[in-house]
2 protein chains.
Amino acid sequence: MTSTPRNQRADAQRNRERILAVAAAVIEEQGTEASLRDVARRAEVGLGTLYRHFPTREALLEALLRQRFDLLAERARTLAGAAPHEALVEWLRSFVAGAGAYRGLAASMMATINDEGSPLHASCHAMRQAGGRLLERAQAAGEVRADVTGLDLFALASAVSWIADQAPSLAARGDHLFGLIMDGLRPPERLTGPAPTRAAPA
Amino acid sequence: MTSTPRNQRADAQRNRERILAVAAAVIEEQGTEASLRDVARRAEVGLGTLYRHFPTREALLEALLRQRFDLLAERARTLAGAAPHEALVEWLRSFVAGAGAYRGLAASMMATINDEGSPLHASCHAMRQAGGRLLERAQAAGEVRADVTGLDLFALASAVSWIADQAPSLAARGDHLFGLIMDGLRPPERLTGPAPTRAAPA
DNA sequence: ACCTGAACACCGTTCAAGT
DNA sequence: ACCTGAACACCGTTCAAGT
């Protein structure tokens with residue numbers, strides 16, 4: 001039940017599942033740039049078989065990650081009922097956690113933004129759209145600067161994941177950096193309009 | 001005069017310079033992960049000759065970048081006389097520009113943080129130290145949040161460079177993202193203490 | 001001293017040959 | 001219909017042999 005088994009020969013489907021299971025382990029170890037040869041070897045499958053099931057590295061990643069992306073999109077829709085800013089921050093935290101699933105994943109996801117041919121593009125895009133609505137809601141409530149685009153936000157969130165990828169000493173600061181950035185996206189001042197909760201300005 | 005020619009045979013020195021000149025061009029095209037074989041080929045030099053002069057990719061990068069790093073460190077010392085926050089922001093802008101010299105350079109620099117064996121480590125470290133003093137000065141003046149470490153700052157600045165590396169559409173937002181982050185690092189409120197302009201620190 | 005390039009152990013990707 | 005692995009064109013790195 002990895003996705004839609006379709007009408008496949010039994011051996012084909014078994015191979016597909018073996019490849020996915022092994023790929024998850026190998027990419028967990030080596031990151032998104034893991035050796036596909038190694039995956040095929042460990043799955044005890046011919047190299048051509050791997051390519052037949054997953055013509056590109058992105059196709060393989062997509063199969064491994066689609067469910068996670070779909071859940072994130074779903075989560076964004078659920079959070080649309082919560083307090084705007086808190087919803088956005090909580091969702092982005094999940095996004096960063098997701099992008100940290102594999103080393104190199106932040107870069108892989110980033111690469112899909114302009115590459116519409118990538119199999120990762122569709123599921124990433126849908127997820128970003130869903131998250132983008134949380135941003136707009138927070139902005140409409142005056143709780144996030146108006147000059148932040150959805151792309152800005154995903155770039156920054158992915159960057160936090162990337163930083164954590166670079167070194168353990170940086171990974172330990174991940175939450176802190178995330179907090180710094182999120183704080184920084186709040187509107188600088190609140191010259192007019194009602195007080196948000198009780199923050200008496202000046 | 002690429003660095004210290006030492007007492008070398010004339011052909012050795014000529015080779016070294018050829019390699020550096022070609023490497024600058026190839027890395028400009030392909031990024032910091034450029035093919036070293038390609039460098040040797042285009043420099044019309046044996047592969048072993050390249051490795052003899054630059055035993056690692058980092059050694060080659062270091063030779064290409066040391067002057068730039070030294071200038072950045074120098075610039076930090078010069079700016080130590082200017083207004084604290086402006087000095088920090090201006091210097092970081094130069095840092096980001098430097099990290100954007102080659103695709104992948106932000107990642108290469110980030111990798112040196114924990115790898116003290118890397119030839120890039122020394123010059124990067126000195127530069128970061130110099131920049132770190134500008135951060136401390138800005139913090140002492142109450143113009144940057146106290147919970148930002150030097151490592152945080154370099155991670156964030158490098159991340160901006162990384163983002164710009166990922167796609168042209170992101171690169172166009174580089175300045176904006178830099179501004180967002182810098183704004184965000186200002187202290188959230190100023191409950192006590194004198195006005196920021198001319199803040200005599202105790 | 002220094003240079004060279006073959007040698008080794010890896011890649012990603014394709015595709016003829018098999019079942 | 002699917003699988004296999006050799007083949008091709010690349011890597012990084014080392015090192016015996018040359019000058």
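Given the structure is predicted, the values throughout are model-derived calculations rather than measurements. Computed from heavy atoms alone, side chains included, the values below leave out hydrogens, waters and symmetry copies. Naming convention: chains lettered A, B, ... in sequence-line order (proteins, then strands); numbering from 1 in each chain.
By the neighbour-count criterion of 12 heavy atoms within 6.0 Å, atom CG of B/D70 is densely surrounded, having more than that number from other residues, nucleotides or ligands.
Although no hydrogens or angles enter the test, the distance criterion places a donor-acceptor pair under 3.5 Å between the side chain of B/S161 and the main chain of B/V96. A donor-acceptor contact shorter than 3.5 Å is absent between the side chain of A/S118 and the backbone of A/D115. Remark: the backbone N or O of B/G104 is paired with a side-chain donor or acceptor of B/D165 at under 3.5 angstrom.
Residue A/R14 is classed as having no contact, given no heavy-atom separation below 4.0 Å to the nucleic acid. The residue A/L47 sits close to a base: some heavy atom pair falls under 4.0 Å.
For the OP1/OP2 pair of C/dC2 and a distance below 4.0 Å, the side-chain nitrogens and oxygens of B/R52 include at least one atom meeting the criterion. Between A/T49 and D/dC2 there is no side-chain polar atom (N or O) within less than 4.0 angstrom of OP1 or OP2. When the side-chain nitrogen and oxygen atoms of B/N15 are compared with OP1 and OP2 of C/dC2, none of them lie within a distance under 4.0 Å. Contact check, B/H53 against C/dC3: a side-chain N or O comes under 4.0 Å of OP1 or OP2. OP1 and OP2 of C/dC3 both lie 4.0 Å or more from every side-chain N or O belonging to B/R16. In this structure, B/S35 reaches the D/dG12 phosphate: one of its side-chain N or O atoms is under 4.0 Å from OP1 or OP2.
Partner of A/F95 under the side-chain contact (heavy atoms from CB on, under 4.5 Å) criterion, chosen from A/E90, A/R75, A/M109: A/M109.
Side-chain proximity of A/A12 to D/dG12, D/dC3, C/dC2: nearest is D/dC3.
Positionally, the nearest nucleotide of DNA chain D for A/E44 lies more toward the 5' end than for the other of A/R37 and A/E44.
A straight line from CG of A/L50 to C1' of C/dC11 spans 14 Å, rounded to a whole angstrom. One atom, CZ of B/R9, and another, P of D/dT19, lie 13 Å apart when rounded to the nearest Å. The CD1 atom of B/I19 sits 8 Å away from the P atom of C/dC3 (whole-angstrom rounding).
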Taking only Watson-Crick and G-U wobble pairs with both distances under 3.5 Å, what dot-bracket line describes DNA chain C, where [ ] shows pairs that cross earlier ones and | shows pairs with another strand?
||.|||||...|||||.||
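Using the six-membered ring where Trp is involved, A/W91 and A/F154 have ring planes that are perpendicular, over 60° apart on the 30 and 60° scheme.
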